[in-house]
Amino acid sequence: MIAELQNVTKAYRAAPGAPEQRVLAGLNLSIAAGETLSISGSSGCGKSTVLNLLGTLDEPDSGSVKLFGQAVPYGDEGALSELRANQLGFIFQLHHLLPQCSALENVLIPTLGGAVRPDQAKALERAHRLLARVGLGAHLDKRPAQLSGGERQRVAVVRALIREPGLLLADEPTGALDAASASSLIDLLLELNAEEGTTLVLVTHDPALAARMARRYRLVDGLLSQS
Ligand SMILES: Nc1ncnc2c1ncn2[C@@H]1O[C@H](COP(=O)(O)OP(=O)(O)O)[C@@H](O)[C@H]1O
Ligand SMILES: [Mg+2]
């Protein structure tokens, strides 16, 4: 399994001393290599919380999170950041591209840090190939402000994939796009899943987009059910 959540609970307090609000209530989820799955549910039901747990950005109150067959090394910031850099790709609703950098530079940023730095010549070759693959071959030198919303999200997708992650986590990646751009971004994510074998977890509240994933889940009352 690429990822396994077992009996995971998570609760938050809105403020110190405020009553605890349970978000995840003993949730189980197993994700196999190469699959595509969606998580839907009403706003505030805990979708991002699940994705953040899969991305090691958050720790459960109880239960276990395993990634790539290993328990997540909470508390070891070095090991966590290596895991995120080498194995996890993130795409969010907002692209979070650096405004002063070109599309090509934005894509290469994840390859510049870390203890195990990827070969720069290979990273550059991959960046060129993937940017061309997503239709941005003629826009390498444009800054985010010079690109459309859909084009910016395509740059964000390439940035997420540049280090060949095993698991791609997309949190409402189409939330700021019009319907046509949203649909073509999902086309692209599915094509890249097939070409690169990257496991894809898509959080979306759009049933038409969710329906395009091989497995679909709904998050209700802190638990997932297949739909
Ligand atoms: N860091 C946090 N501190 C306090 N409450 C939080 C925190 N993160 C999330 N929550 C609360 O947990 C619930 C689930 O949040 P989230 O996972 O972001 O939902 P979704 O992504 O489904 O909209 C919400 O009620 C939210 O306010
Ligand atoms: Mg969310």
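Remember, it's 1-based here, ligands and their atoms both numbered in the order they're listed.
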TODO: Nearest 0.5 Å please: distance from the OH atom of Tyr217 over to the CG atom of Leu29.
DONE: 5.5 Å
- [ ] Could you tell me whether Arg133 and Glu195 have a side-chain N and a carboxylate O separated by less than 4.0 Å?
- [x] yes
Task: Whether Arg13 lies under 4.0 Å from ligand 1, heavy atom - done: yes
Open item on the list: Using a 3.5 Å cut-off on N or O atoms only, is Gly46 in polar contact with ligand 1?
Closed with: yes
Task: For Leu168 against Ala160, the heavy-atom pair lying closest together - done: CD1-CB, 3.7 Å
Task: Short side-chain donor-acceptor distance under 3.5 Å, Arg154 and Ser184 - done: yes
- [ ] For atom 7 (C) of ligand 1, state whether the nearest protein heavy atom is under 4.0 Å away.
- [x] yes
Open item on the list: Protein non-hydrogen atoms only, distance under 4.0 Å: does atom 17 (O) of ligand 1 have such a neighbour?
Closed with: yes
- [ ] Kindly assign one of parallel, tilted or perpendicular to the pair Phe92 and Phe90, based on the angle between their ring planes and the thresholds 30° and 60°.
- [x] parallel
- [ ] Measure the distances from the heavy atoms of Gly44 to every atom of ligand 1 and state whether one is below 4.0 angstrom.
- [x] yes
Task: Protein heavy-atom partner closest to atom 9 (C) of ligand 1 - residue, atom, separation in Å - done: Tyr12 CE1, 3.4 Å
Task: Any N/O pair Ser43/ligand 1 closer than 3.5 Å - done: no
Open item on the list: Among all protein heavy atoms in this structure, tell me which lies nearest to atom 26 (C) of ligand 1, with the distance rounded to 0.1 Å.
Closed with: Gln21 OE1, 4.8 Å
Open item on the list: Keeping Arg143 on the side-chain end and Gln100 on the backbone end, is there a donor-acceptor pair under 3.5 Å?
Closed with: no
Open item on the list: Students should be able to answer this: which protein heavy-atom is nearest to atom 15 (O) of ligand 1, and at what distance?
Closed with: Thr49 OG1, 3.9 Å
TODO: Begin from the C-alpha positions of Asp171 and Lys47 and carry the test salt bridge (Lys or Arg N to Asp or Glu O under 4.0 Å) through to its verdict.
DONE: CA-CA 8 Å; Asp171 195 350; Lys47 301 180 298 296; over 6 Å; no
- [ ] For the Mg ion (ligand 2), decide whether Ser48 has an N, O or S atom at a distance under 2.8 Å.
- [x] yes
Open item on the list: What I want to know is whether Ala14 and ligand 1 share at least one N or O pair that is separated by under 3.5 angstrom.
Closed with: no
Task: Side-chain donor/acceptor of Arg215 to backbone N/O of Glu35, under 3.5 Å - done: no
TODO: Would you mind listing which atoms of ligand 1 come within a distance below 4.0 Å of any non-hydrogen atom of Val23?
DONE: 12 (O), 13 (C), 14 (C)
